[in-house]
Structure formats: C-alpha cells, structure tokens
Amino acid sequence: MTDFLNFDPVAHEYDWSRYLPADVQIRAAQRLHDAAALAPREAFLDAGVGTGRFALPLAGLGTPVVGIDISPNMMAQLRAKLSAPPASADLVGRSLRLAQGDLRRLPLRSGAVGAVLLVHILHLIADWESVLAEVRRVLRPGGTLLLGQERGQRGPSREHYFELARARGVFREHIGAANREQIHAYLMATGAQITPLESDDLRWTQPWKVADTLEMVRRRTWSSLWAVPE
C-alpha cells in the first residue's frame, strides 16, 4: 500500500466535487490572513495547495504565498485559473509562487515562512507526523500553523454507499491521521498552543442531485473509494 495519496487522477473534477463558494473562499482567505499576523513581506505557505482554493484569494489580498503540492495535475488546475479573470490580476501573479514537492521534505530553508496552512491533507499521508516536523522546521520561531477542515452534513445517498462499501470491506479508511483530535494531541505534546478560530460566517449549503452523487461514486471521485473494484 502506498504511504500517501496523490490526487492526480481526479484533479480535473476536484473543485466540482469539493464545492466551495467563491465568497466563502474570500472570507476564509481574509480570516487566514488576519490569523497569520505576518510581518511585512513575510511568506505564507499553503502546504498541499491543490487547485488554489485558498492560495489564490490569499494572494489576491497581497499576501506573499508559496504553494506546494505533490500533484502536478492539481497545480495545473491552479495555473489554469491564473490565466482566467479575475485571478489573472498582476497582484496575484506577483504574490503567488508555486513548487511541486513532497510535504515530508519541503523545498524551503528553515524559518522561511511566517505561517503554514494545512487543509484536508494529513489524513492522506501515512507518516503525517513528518509533515508536521517539516512545518515546524520551515516556520519562523513563533510562527502560526493553521489547520483547516470542512465539516457538515453529507448527502444520504453518498453515506449509504459508503456504508455498503465498508460492510463489504472495500472502503479505504484514512492512511494518515484519523481525526483532528489525534493531530491536536500530537501538536500539544510537541509544545504547540492551540486556539480555535470562529467560523460562523464560513457556512454554505450546496444541493446535490442523487444522480450527481451516483456519478461521483461511479467515477470514484473520493479517495476512500479508489480501492473499490468494478
């Protein structure tokens, strides 16, 4: 079994299946910017930048962003956004730098960034503790690690299929961190201080047709279904 999951196979449909409204992305970027409290010209690392859902609006605020991902196809989707309005603004181009790389071996010098963002990534990497060790290395002393997670009600047809897959032993459970409580416990054991950020203004609803859900199941859009046979 692989020790990490690469989203190359589903990069072209990632934004469709992980819907996040543009206005929520902008509000989230502002929240991340404020929480990071960067010094002038200090960089913000989006570790596992993916399709740029957070990196692009952060760069649009003028925040110097470094985006790193192991998936070239995911970053190709991000670069396509850079060539289309409104992301093609000069401000974004000047503020965003991208690199393909493994989060367990970040291509950055020690203390290079003031803040790091990790969203939905640690459950995809078996030795997720090594990612956090690298994050600690590249953060300046007193820097900020921001952990993001989307939560909410899942469609009943999706959850029903997941339960059927689990019952048949073909559902892939997380290969990395099991939950945020496990991550928080590890961080506190290494001396980190954890502060929850309020998110009442970062809520949204998205209706899904059963047919769309079944299509995502058929195409195995979610990584937990990649091991399900025909």
Side-chain angles (χ1 to χ4, degrees), residues 20 22-71 74-75 77-79 81-83 86-122 125 128-150 177 180 183-184 186-199 201-202:
L20 186 60
D23 63 314
V24 174
Q25 293 182 44
I26 292 171
R27 292 200 300 273
Q30 185 65 61
R31 181 70 58 81
L32 293 169
H33 173 273
D34 295 344
L38 298 173
R41 296 184 297 279
E42 195 170 38
F44 186 114
L45 170 62
D46 188 343
V49 65
T51 62
R53 299 193 301 169
F54 303 103
L56 286 173
L58 270 168
L61 295 172
T63 307
V65 180
V66 178
I68 297 177
D69 204 288
I70 203 167
S71 167
M74 290 285 277
M75 288 200 297
Q77 297 293 316
L78 192 166
R79 290 189 173 96
K81 295 177 185 179
L82 285 172
S83 63
S88 56
D90 289 342
L91 181 61
V92 172
R94 291 196 308 268
S95 299
L96 180 60
R97 297 292 180 268
L98 300 175
Q100 183 181 352
D102 189 329
L103 301 189
R104 298 167 297 181
R105 293 178 290 277
L106 291 169
L108 297 171
R109 62 176 173 78
S110 298
V113 301
V116 177
L117 174 66
L118 293 170
V119 179
H120 286 303
I121 195 75
L122 294 178
I125 303 171
W128 56 274
E129 297 94 337
S130 65
V131 175
L132 293 177
E134 273 291 88
V135 165
R136 181 181 291 273
R137 180 184 67 81
V138 302
L139 269 174
R140 64 159 167 79
T144 302
L145 167 61
L146 294 154
L147 296 173
Q149 180 180 12
E150 294 171 34
R180 63 177 180 171
I183 298 169
H184 288 179
Y186 176 84
L187 288 171
M188 288 189 291
T190 60
Q193 296 180 348
I194 297 178
T195 302
L197 296 179
E198 297 297 329
S199 58
D201 63 334
L202 300 179

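Not measured: the values here are computed from a predicted model.
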Query raised in the report: What pair of heavy atoms forms the shortest contact from Ile70 to Gln100, and how long is it?
Result: O-NE2, 3.2 Å
Query - Closest approach of His120 to Glu150 (non-hydrogen atoms, all atoms of both residues) - result: NE2-N, 2.9 Å
Requested in this report: Mind running side chain to side chain contact (heavy atoms under 4.5 Å, CB included) on Leu147 and Ile194 for me, showing each step along the way?
Outcome: CA-CA 10 Å; Leu147 296 173; Ile194 297 178; over 6 Å; no
Report task. Sequence neighbours left out, what passes side chain to side chain donor-acceptor pair (under 3.5 Å) with Thr195? Give chain and number order. Result -> none
Requested in this report: Keeping the roles fixed (side chain from Asp46, backbone from Gly67), state whether a donor-acceptor pair exists under 3.5 Å.
Outcome: no
Report task. For residues Val66 and Ala43, report the shortest heavy-atom separation together with the two atoms involved. Result -> CG2-CB, 4.3 Å
Query - Pair Thr190-Leu132, side chain to side chain contact (heavy atoms under 4.5 Å, CB included): steps then yes or no - result: CA-CA 10 Å; Thr190 60; Leu132 293 177; over 6 Å; no
Report task. Just do the side chain to side chain contact (heavy atoms under 4.5 Å, CB included) check on Val116 and Thr144 with the steps written out, would you? Result -> CA-CA 6 Å; Val116 177; Thr144 302; over 6 Å; no
Report summary line: Rounding to 0.5 Å, atoms CG (Leu103) and CG (Leu118) come to a distance of 7.0 Å
Query raised in the report: CG/Leu187 to CZ/Arg136 distance, rounded to the nearest 0.5 angstrom?
Result: 7.5 Å
Query raised in the report: Step by step, would you call Gln30 with Arg27 a side chain to side chain contact (heavy atoms under 4.5 Å, CB included)?
Result: CA-CA 5 Å; Gln30 185 65 61; Arg27 292 200 300 273; 5.7 Å; no
**Report entry** Nearest atoms (heavy-atom pairs only) where Glu134 meets Leu106
**Finding:** OE2-N, 2.7 Å
Query - 4.5 Å side-chain heavy-atom contact, Val49 and Val65 - result: no
Query raised in the report: Can any side-chain N or O of Arg53 pair as donor or acceptor with the backbone N or O of Leu20 at less than 3.5 Å?
Result: no
Which donor-acceptor pairs under 3.5 Å do side chains of residues 55-64 form with protein atoms, sequence neighbours excluded?
residue : atom : partner : partner atom : Å
Thr63   : OG1  : Leu58   : O            : 3.3

Requested in this report: Indicate the atoms forming the closest heavy-atom contact of Leu32 with Phe44, along with that distance.
Outcome: O-CE1, 4.1 Å
Requested in this report: Give the minimum heavy-atom separation between Gln77 and Thr51, together with the two atoms involved.
Outcome: CB-CG2, 3.8 Å
Query raised in the report: CD1/Ile183 to CG/Leu145 distance, rounded to the nearest 0.5 angstrom?
Result: 9.5 Å
Report task. Indicate yes or no: at least one non-hydrogen side-chain atom of Leu108 is less than 4.5 angstrom from one of Val113. Result -> yes
Query - Test side-chain contact (heavy atoms from CB on, under 4.5 Å) applied to Val119 - qualifying residues, sequence neighbours left out - result: Phe54, Leu117
